[in-house]
Each structure stands twice: as structure tokens, then as C-alpha cells.
Amino acid sequence: MTGDPATALRGVEVLLVDDDVAVREVLAELLQEYGARVAAAASAREALELLSRVRPGVVITDVRMPGEDGFWLLREIRRRPDGGRLPVIAISAFADAGTALEVGFRELLTKPVSPDRLCAAILRALAGGG
């Protein structure tokens with residue numbers, strides 16, 4: 001990625017969803033280092049509740065989580081009046097890329113994801129690509 005990493009995502013609001021506290025903390029810190037403002041949730045249900053209070057530009061969600069998973073979260077977001085345009089990026093160590101993209105995730109990133117790949121995926125999603 002070209003440019004200053006500290007400003008690549010300046011002003012971008014990200015909702016980050018992952019049940020693994022270590023992954024969530026590392027990704028949140030990384031996104032903040034790139035200039036993003038991050039709201040983090042430990043579950044799909046918590047993320048849905050956060051969406052009533054925050055207006056992210058993009059959602060990044062783990063696919064496999066206990067209880068409701070990332071697929072459930074995507075369906076619930078799409079049911080919301082304003083959820084059709086919100087880009088949702090899947091992140092997983094296990095998910096099938098074809099399935100994730102078929103159901104409407106903007107992209108699937110495989111864990112572990114590099115900072116540049118994550119940032120580039122967010123920028124593509126915000127631009128309407130990917």
C-alpha cells in the first residue's frame with residue numbers, strides 16, 4: 001500500500017466483530033493505527049445492538065462464532081432499512097470464499113490477514129468495489 005498508513009483510513013468508522021478477544025484487540029489496534037475509528041463487538045448480537053448507536057462505513061466480521069455467526073449478522077444487517085448499502089467484509093480462518101461472496105459479503109479475508117490487505121479491502125468496499 002502506498003501512502004502514510006497512519007492516514008489511510010482517517011475518518012472511517014469500522015464495526016469490528018470477532019469472538020476471539022486477542023484477534024479483536026489486534027485488529028482494532030491495527031485499524032486505529034491506520035486512522036480508523038473502531039467500535040468492537042464480541043458477538044453478532046452485540047454488533048447488531050451497536051448498529052443502533054453507531055453508523056459505521058464498513059463492518060468486518062468473523063464468519064464462525066458461537067451462537068449467531070457472521071452469516072446471521074449479514075442477513076440481519078440486510079434486513080435493516082439502511083443495511084442494503086453497508087459493506088460487510090468477512091474474515092475467517094475457515095470459511096469458503098465462494099459461499100461468503102455468494103451470500104453477499106463484499107470480500108472474504110483469510111486469517112491471519114496482513115495490515116495492507118485489510119486496509120485495501122476496506123478502501124475497496126468503501127469505493128463500492130471488491
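- Counting only distance, with no hydrogens or angles, the side chain of R80 and the backbone of L51 share a donor-acceptor pair below 3.5 Å.
- Atom CG in L9 sits 7.5 Å away from atom CG in L118 (nearest 0.5 Å).
- We find the CD-OG1 distance between E33 and T7 to be 13.0 Å, quoted to the nearest 0.5 Å.
- Residue pairs meeting the salt bridge (charged side-chain N to carboxylate O under 4.0 Å, His left out) criterion with at least one member in residues 14-27, sequence neighbours excluded: D18-K111.
- Rounding to the nearest 0.5 angstrom, the gap separating the OG atom in S92 from the CE atom in M65 is 9.5 Å.
- Cluster membership check: L109 does not share its hydrophobic cluster with V26, using side-chain heavy-atom separations under 4.5 Å among Ile, Leu, Val, Met, Phe, Trp and Tyr.
- With contacts defined as side-chain heavy-atom distances shorter than 4.5 Å, the pair I122/L31 qualifies.
- Heavy atoms only, all atoms of each residue included: V54 and P56 are closest at O-CD, 3.4 Å.
- In this structure the side chain of L74 never reaches within 4.5 angstrom of the side chain of T61, judged on heavy atoms.
- Scanning both residues, G57 and L126, for their nearest heavy atoms gives O-CD2, 3.4 Å.
- If you take CZ on R64 and CZ on F71, they are separated by 8.0 Å, rounding to the nearest 0.5 Å.
- What you find for V58 and A125 is that their closest heavy atoms are CG2-CB, 4.3 Å.
- Side-chain contact between L15 and I60 is absent, with no heavy-atom pair separated by less than 4.5 Å.
- Atoms CG and CD1, from L108 and I89 in turn, are 10.5 Å apart once rounded to the nearest 0.5 Å.
- Residues D62 and V17 form no side-chain contact, since every pair of their non-hydrogen atoms from C-beta on lies 4.5 Å or further apart.
- Counting only heavy atoms from C-beta outward, the side chains of L27 and I91 approach each other to under 4.5 Å.
- With Y34 as the partner, the side chain to side chain contact (heavy atoms under 4.5 Å, CB included) test is satisfied by one option alone out of V12, L123, D116: D116.
- Atom-to-atom distance recorded for R117:CZ and R124:CZ is 8.5 Å, nearest 0.5 angstrom.
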- Task: Given side chain to side chain contact (heavy atoms under 4.5 Å, CB included), test W72 with L48 step by step and report yes or no.
- Result: CA-CA 10 Å; W72 178 88; L48 203 56; 3.7 Å; yes
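- Remark: the backbone N or O of L86 is paired with a side-chain donor or acceptor of R78 at under 3.5 angstrom.
- Legend: residues meeting salt bridge (Lys or Arg N to Asp or Glu O under 4.0 Å) with E46, ordered by chain and number and at least two apart, are absent.
- For the residue pair V14 and A36, the shortest heavy atom distance occurs at CG2-CB, 4.0 Å.
- Applying the salt bridge (charged side-chain N to carboxylate O under 4.0 Å, His left out) test to every pair with at least one member in residues 51-61, sequence neighbours left out, gives these pairs: R55-D82.
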